[in-house]
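Worksheet: one structure, shown below.
Only heavy atoms go into these numbers, but all of them, side chains included; no hydrogens, no water, no symmetry mates.
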Amino acid sequence: MVATYLLLCLSLLAEALVQGQQCNFFEGSWVIDDAYPLYTNCSFISDEFNCQKYGRPDKKYLKYRWKPTACELPRFNALNFLEKFRGKSIMFVGDSISRNQYESLICMLHSAVPNANYSRSTRDGNISIFELTEYEIKVMRDQNAYLVDLVQEKVGNVLKLDSVQGGKLWLGIDVLVFNSWHWWNRKTWDYIEFRGNYVEDMDRIVALNIALRTWADWVNTNINPKNTTVFFQGLSPTHYDGKKWNESKADRCLGQTEPVLGTTYPGGIPPELAVQKTSIVAVTDLVKFFDTTNLSLFRKDGHPSKFNVKGAAGNGVDCIHWCVPGVPDTWNEILYNLIVA
């Protein structure tokens, strides 16, 4: 009881400190904190992200807390989230990085109320829904890697850079968190279409820029900021090249057990991040940029590497996704402070 009271007092103090200054939650460094992780056992983690299930032997990566340079980041308070967000919905839209964050938030909430009634369902094919029925809170995910439409036509799969028909699934949601990056490095289409012109391929950065401007225009046209808060998450970094963190002999992210220390990542910020920012800012001011790229860059230790279902089957090393619990919990801790704290 006393410990709970002290934690509450510290949380309130931290919130007061944040309110008293202009704080950039996205600039800082990682520090050891034995009070982490925020949860341990969670049955909602996909085998792709469940590093503990697949035998990851080290635990230090679970003990890092993000410390902003100019202030304290109040610790995630699930009960406060549940009360203040009662009756509302949040949707993560994007690729499997969105699923990383979606499953993290479900675990963060459910671990605080393990006996609460919940339901899981799907809608319209790609929408996953987790609902805490007592609180009438829906945590949702839409698998939509490009944000613009990928459709089947007579000529094959067509990526339509000027169409967001899929946006109808995002209407009426209280908080929307979008991301789009990794799938632009793949070719899952037969043709790209823009303004009636079809090409088999084009410069991917140019395509991303056009798609994000199309999406941002959709936000301008369809979103009422009084009812819906929109975030776009900066690209989630990979760690396949040890030279970027001054460890040229590193075998991708294999065997990494601690983050890059300090406040500056040796390899610098990926230039594609600027494309994301400028593409969106040029079109709309309704989107809040959720700039988690920098803090994630330091976490070369945060990936599953070989400790997931694919690694167990000998199918490669995953330095793209993130262990859960892990780095996505910090994304959600920041998100909590931006929408309800």
| query | Does anything in residues 122-134 pair up under salt bridge (charged side-chain N to carboxylate O under 4.0 Å, His left out), and if so which pairs, sequence neighbours excluded? | reply | none

Other cluster members, [X] - Ile/Leu/Val/Met/Phe/Trp/Tyr, side-chain contacts below 4.5 Å:
{"X": "Val31", "result": "none"}
{"X": "Leu254", "result": "Val317"}
{"X": "Tyr198", "result": "Val151, Val155, Val158, Tyr191"}
{"X": "Val283", "result": "none"}

| Does one hydrophobic cluster hold both Val164 and Leu169, with members joined at side-chain heavy-atom distances below 4.5 Å? | yes

| remark: Distance col, row Trp181:CH2 vs Leu273:CG, nearest 0.5 angstrom, shows 10.0 Å

| Any disulfide bond (SG atoms under 2.5 Å apart) pairs touching residues 204-296, not counting sequence neighbours? | Cys253-Cys319

Can you list every pair that meets side chain to side chain donor-acceptor pair (under 3.5 Å) and has a residue in [range], with sequence neighbours left out?
{"range": "residues 288-297", "answer": "Gln233-Thr292, Lys277-Asp291, Ser296-Trp331"}
{"range": "residues 215-231", "answer": "Asn220-Thr284"}
{"range": "residues 155-172", "answer": "Asp142-Trp170, Asp149-Ser163, Glu153-Lys160, Lys160-Glu193"}
{"range": "residues 31-40", "answer": "Asp33-Arg65, Tyr36-Glu333, Tyr39-Asp329"}

| said: Which label fits His110 and Tyr118: parallel for a plane angle under 30°, tilted from 30 to 60°, or perpendicular past 60°? | reply: perpendicular

| message | Check the orientation of Phe81 and Tyr336. Use parallel for under 30°, tilted for 30 to 60°, and perpendicular for over 60°. | response | tilted

Would you confirm whether [X], through its side chain, and [Y], through its main-chain N or O, come within 3.5 Å as a donor-acceptor pair?
{"X": "Asn100", "Y": "Phe49", "answer": "no"}
{"X": "Lys244", "Y": "Ser248", "answer": "no"}
{"X": "Asn308", "Y": "Cys51", "answer": "no"}
{"X": "Asp203", "Y": "Val206", "answer": "yes"}
{"X": "Gln143", "Y": "Ile127", "answer": "no"}

| query | Are Asp47 and Lys53 within salt-bridge range, i.e. N to O under 4.0 Å? | reply | yes

| Going by an N to O cut-off under 4.0 Å, is there a salt bridge joining Lys187 and Glu200? | no

| note | For Glu258, the side-chain contact (heavy atoms from CB on, under 4.5 Å) test, sequence neighbours excluded, returns Lys60, Tyr64

| message | Holding to side-chain contact (heavy atoms from CB on, under 4.5 Å), I want the full list of residues that pass it with Pro266, two or more places apart in sequence or in another chain. | response | Asn246, Val260

| field | Within 6.0 Å of CD in Gln152, more than 12 heavy atoms from elsewhere | value | yes

| Centres of the Trp184 and Tyr146 rings: under 6.0 Å? | yes

| message | Aromatic contact between His303 and His239, with the criterion being ring centroids under 6.0 Å apart: yes or no? | response | yes

